[in-house]
Amino acid sequence: MDETRDDTAYCEALPLKAAAPGPVDGPFAECVLCRRPTEYPESTKGSTLCPVCEWQEAQRTACSG
């Protein structure tokens with residue numbers, strides 16, 4: 001196939017990612033698995049995980065096939 005594509009139009013149409021929230025001064029929420037402080041403020045809803053547990057959980061779910 002001799003189709004030529006202009007990928008610049010597609011790349012320019014992608015939305016920009018939202019800016020990450022600024023640093024939290026404290027108090028931090030506890031990890032629901034190991035009770036260490038997380039990167040999230042205490043007011044965060046849902047189950048919060050510390051970076052180590054978050055990474056381990058991602059590995060488990062990625063390999064669960």
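Counting from 1, the numbers follow the sequence of the chain as shown. Since the structure is predicted, the reported quantities are computational estimates derived from the model, not experimental observations.
- With sequence neighbours excluded, the residues forming a side chain to side chain donor-acceptor pair (under 3.5 Å) with E57 are R60, listed by chain and number.
- The distance from the CZ atom of F28 to the OG atom of S43 is 11.5 Å, given to the nearest 0.5 Å.
- The salt bridge (Lys or Arg N to Asp or Glu O under 4.0 Å) test applied to E54 returns no partner, not counting sequence neighbours.
- Of all heavy-atom pairs spanning C53 and C31, the tightest one is SG-SG, 3.7 Å.
- Judged by distance alone, with hydrogens and angles left aside, the side-chain atoms of T48 form a donor-acceptor pair with the main-chain N or O of E30 at under 3.5 Å.
- Contact of the L49 side chain with the V32 side chain is registered, since non-hydrogen atoms from C-beta on lie closer than 4.5 Å.
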